[in-house]
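Just so you know, ligand 1 is whichever comes first in the structure, and atom 1 is the first atom listed for that ligand. This chain uses plain numbering: 1 for the first residue, then up along the sequence.
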Amino acid sequence: MKSWAPVYLPPTTQREFPILAIHNSLTGKKDAISENPVTMYVCGITPYDATHLGHAATYLTFDLINRYLRLTGRAIEYVQNITDVDDPLLERAQRDNVEWESLAANQISLFRDDMTALRVLPPDHYMGAVETIPWVIDAVNELKKQNSVYEIEGDLYFDISSDPEFNTYNLLSYEEQIAIFAERGGDPQRPGKRNPLDCLIWRSEREGEPAWPSPFGAGRPGWHIECTAIALKYLTAPISIQGGGSDLHFPHHTMCAAEGKVLSSKDFARRFVHAGMIGLDGEKMSKSKGNLKFVSVMRAAGIDPLVIRIALLSGHYREDRPWSDALLVQSQARLELWRQAFSSPYGGDVETLIMAMAERLSDDLDTPGSFELLDVWASERVRALASEERAEVSDVGQLSRFLDAALGIAL
Ligand code: 5CA
Ligand code: ZN
């Protein structure tokens, strides 16, 4: 699948930036990313309703990781999928009386435009479920060889007991997992399952649904195996980071970890990195609740995507946090303050500011902390400018290039 347009990364001076330490939700601890190259698989959209501000916040989180690692000289290989065939997409297409293929194509196109407008660096490999069905078939065949698959009425299930470490990927109790599994696309109650948590990896053809031929009969891939197969096609286990929103920790990333473990005989991911949920009016922003704010609609209303970017990054990525119009107004004011500060060559000690901001970012992407440092610097510059004080003339261009490279904020 075509990815989106490359984003210009300005050249920056080589500095001794601290190593990025990121919260790993597999261990509950902060974890320094010291390996090189770094491999990252981030779960992409299911294209029936894109891009709302929750999606945007999650992809901005991984964009920051990508940018910080590049700034510190790391090679990074970044893979993202698109779940372009799955139950929610088919249901929405049926509800709206449109072809599922055209619904997906339109939403993917909107998503690309939104990512470009938000200055998100594109992944190296951007792959859809439909175009990677042969990889899923290979993965299912391999799981069969490992005796990890069983059948119920033509549907194939992954047997979670084939990964002895299944219980180590999250902190939920068995009962909690069953409850969440039912809410997030699982079928714990289906008769004939060995374990209620076993997940579907091949869904046999149903009337009126798309299907593709396979050695196990016509059908389509289950959700989790899609990401496992795509990730392992490009990246070697253990991948450095598997990422997404916190709602993917279970079941999705847990199932990917288990399937990936059986397929590769290694840990699937070294780290799970999960972004918090963006809410609106006290509830998680989600398609099912219908309380969505779309980046494309905001852009069409003339809102600067840079202001959206600043607003979403002004909270910490792991916090569940609400969106509000007030946040947008504050972010617009912040952007104006920063721009005003850059209108003077008397920047003062920008090197110290750059290192202090980088130090905040390296500590689990503390964007609120780094923005506050920039606010203090900018307020002081604006005050000095108004009182015609002359601070030290400095290369404010260095700071401008750092903000662009590290935070995607081109002033
Ligand atoms: N296609 C699957 C992943 S393989 C999927 O979850 N698609 S999605 O369109 O539902 O979500 C895309 C990404 O946005 C996921 O990482 C999800 O965790 C994240 N996301 C969804 N809603 C929110 C929200 N309200 N706040 C933050 N992130 C969200
Ligand atoms: Zn995924």
Polar-atom distance check: [X] versus ligand 1, any N or O pair below 3.5 Å?
{"X": "Gly244", "result": "no"}
{"X": "Tyr59", "result": "no"}
{"X": "Ile278", "result": "yes"}
{"X": "Gly54", "result": "yes"}
{"X": "His252", "result": "no"}
{"X": "Gly44", "result": "yes"}

Problem set entry | From the candidates Leu53, Thr83, Thr51, the one that places a heavy atom nearest atom 1 (N) of ligand 1 |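 Looking at heavy atoms only, the winner is Thr83.
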For this session: Determine, considering heavy atoms only, which of Asn291, Asp247, Leu280, Asp320 sits nearest to atom 18 (O) of ligand 1.
Result: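 Going through Asn291, Asp247, Leu280, Asp320 one by one, Asp247 has the nearest heavy atom to atom 18 (O) of ligand 1.
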Given that the side chain starts at C-beta and the backbone is N, CA, C, O, which of these parts of [X] lies under 4.0 Å from ligand 1, counting heavy atoms, or is it both or neither?
{"X": "Val42", "result": "neither"}
{"X": "Ala57", "result": "neither"}
{"X": "Leu248", "result": "side chain"}

Proximal ligand 1 atoms for [X], defined as those under 4.0 Å from one of its heavy atoms:
{"X": "Thr58", "answer": "16 (O), 19 (C), 27 (C), 28 (N), 29 (C)"}
{"X": "Cys227", "answer": "4 (S)"}
{"X": "Gly276", "answer": "26 (N), 27 (C)"}

Exercise. So does Cys227 have any N/O/S atom less than 2.8 Å away from the Zn ion (ligand 2)?
Worked result: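 So Cys227 counts as coordinating the Zn ion (ligand 2), yes.
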Exercise. Listed by chain and number, what are the salt bridge (Lys or Arg N to Asp or Glu O under 4.0 Å) partners of Arg194, not counting sequence neighbours?
Worked result: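 Salt bridge (Lys or Arg N to Asp or Glu O under 4.0 Å) list for Arg194, sorted by chain: Asp159.
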For this session: For Lys261, enumerate each residue passing the salt bridge (Lys or Arg N to Asp or Glu O under 4.0 Å) test, keeping only those at least two apart in sequence or located in another chain.
Result: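 With sequence neighbours excluded, Lys261 shows a salt bridge (Lys or Arg N to Asp or Glu O under 4.0 Å) to Glu165, Asp267, given in chain and number order.
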Exercise. Salt bridge between Glu153 and Arg190, side-chain N to carboxylate O under 4.0 Å?
Worked result: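 The answer is yes: the pair qualifies as a salt bridge.
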Exercise. Using the benzene-type ring in the case of Trp, are the ring centres of His249 and Phe272 under 6.0 Å apart?
Worked result: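 Judged by ring-centre distance (under 6.0 Å), His249 and Phe272 do meet the cut-off.
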For this session: Could you tell me whether the side chains of Asn195 and Tyr174 share a donor-acceptor contact shorter than 3.5 Å?
Result: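 Per modelled atom types, Asn195 and Tyr174 side chains form a pair under 3.5 Å.
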Exercise. For Asp364, which of Lys30, Arg318, His23 qualifies under side chain to side chain donor-acceptor pair (under 3.5 Å)?
Worked result: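 Exactly one candidate clears the test, Arg318.
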For this session: Just to the nearest 10 degrees, tell me the angle at the Zn ion (ligand 2) spanned by Cys43 SG and His252 NE2.
Result: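 That angle is 110°.
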